[in-house]
Protein chains: 2
Amino acid sequence: MKLTELKAMQLAELFSALSDASRVRIISLLIEGEMSVSALADGLKMTESAVSHQLRGLRQMRLVRARKEGRQVFYTLDDDHVVKLYSMGLDHVEHG
Amino acid sequence: MKLTELKAMQLAELFSALSDASRVRIISLLIEGEMSVSALADGLKMTESAVSHQLRGLRQMRLVRARKEGRQVFYTLDDDHVVKLYSMGLDHVEHG
DNA sequence: TAAATATATGAACAAGTATTCATATATTAT
DNA sequence: ATAATATATGAATACTTGTTCATATATTTA
């Protein structure tokens, strides 16, 4: 399983995107379905600014996708890789 | 998928353990099999001290396990959750 | 056009983290 | 016992990161 330094960095970046409780909670909400920034902010009791900053990182890692509708922006999980990583992690934390 | 704040933190901690290129490379070496600290240090071109510090974190997250033999300590991956997380992440980075 | 709403972003600060260096502990060899 | 080897650890420093605050952009409403 030789790993180039580049891929090691990319992998680390990917996991970094999931390495914060706020972002994990964002993911867990988005698993239920699409949500706007303010709905996320409400649900997480965070400011919209903080949520927006976090969503930016998740977007850059292609973990979430944005869809603009009027002045709202709705976010969804980008693909089900994310769900799998999330639930495998949860599995390790709960049992394992 | 409601997530308690505690579990969100634990999940974030787990992903944090994989959120650094050095640690990812440690994991990728251990996928091949058991290795001593100095062998890891050689393979990664890091000091043994730095490797040891990183292994501590991986150990605390129960991602690796230590086995002492004489004055050497051999590390292995704790279970195959780790391998699954690793390869799913790699999958996302490479394709996805 | 002006005001209001939703989101995004830059700067700044606080908190966290990875590495280095020095030192400590444990084990083996002389 | 002393020296050498393998690993671990505490302190210090440099770097990274999350949040807040102020401001900017885009869209809708009056």
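Every chain is numbered from 1, with letters handed out A, B, ... down the list of sequences. What you see is a predicted model; the values in this text were computed from it and never measured. Just so it is clear, the values below take in all heavy atoms, side chains as well, and ignore hydrogens, waters and symmetry mates.
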Over 12 foreign heavy atoms within 6.0 Å of CE, M9(A):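 No, the 6.0 Å shell around CE holds no more than 12 heavy atoms from other groups.
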[N] [atom2] sits how many Å from [X] [atom1], rounded?
X      : N       : atom1 : atom2 : result
F15(B) : dT17(D) : CZ    : P     : 18 Å
Q60(B) : dT17(C) : CD    : P     : 11 Å
M46(A) : dC21(D) : CE    : C1'   : 15 Å
L44(B) : dT7(D)  : CG    : C1'   : 16 Å
D20(B) : dA18(C) : CG    : P     : 5 Å

Looking at [atom1] of [X] and [atom2] of [Y], how far apart are the two atoms once the value is rounded to the nearest 0.5 Å?
X      : Y      : atom1 : atom2 : result
L11(A) : L14(A) : CG    : CG    : 6.5 Å
H53(A) : R23(A) : NE2   : CZ    : 12.5 Å
L77(B) : E34(B) : CG    : CD    : 10.5 Å

Tell me what [X] touches on the nucleic acid: a base, only sugar-phosphate, or nothing, going by heavy atoms under 4.0 Å.
X      : answer
T47(A) : sugar-phosphate
F74(A) : nothing
S22(B) : sugar-phosphate

Proximity to the side chain of Q54(B) - top-ranked nucleotide from dT7(C), dT19(D), dT19(C): dT19(C)
Hphob cluster co-occupancy, M88(A) + I27(B), side-chain heavy atoms under 4.5 angstrom: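 Shared cluster, yes.
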L55(B) with F74(B), same ILVMFWY side-chain cluster at under 4.5 Å: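 L55(B) and F74(B): separate clusters.
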Protein-to-nucleotide contact annotation, 5' to 3' order, nucleotides 25-30 of chain D [B base; S sugar-phosphate only; - none; under 4.0 Å, heavy atom]: -SBB--
Parallel, tilted or perpendicular: rings of H81(A) and H92(B) (30°, 60°):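 Plane angle over 60°, so perpendicular.
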Residue whose nearest DNA chain D nucleotide is more 5′ - V73(B) or R23(A): V73(B)
Pair Y75(B), R67(B): side-chain N/O donor-acceptor within cut-off below 3.5 Å: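 Distance-only check fails for Y75(B) and R67(B).
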Can you check nucleotides 9-12 of chain C for protein contacts, nitrogen or oxygen pairs under 3.5 Å, and list what you find?
unit_1: dT9(C); atom_1: O4; unit_2: S49(A); atom_2: OG; d: 2.6
unit_1: dG10(C); atom_1: O6; unit_2: H53(A); atom_2: NE2; d: 2.9

pair L6(B)-Q10(B): side-chain heavy atoms closer than 4.5 Å: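 Contact flag for L6(B)/Q10(B) side chains = yes.
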Residue-phosphate contact under 4.0 Å: Y75(A) side-chain N/O, dA6(C) OP1/OP2: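 Indeed not, no polar side-chain atom of Y75(A) lies that close.
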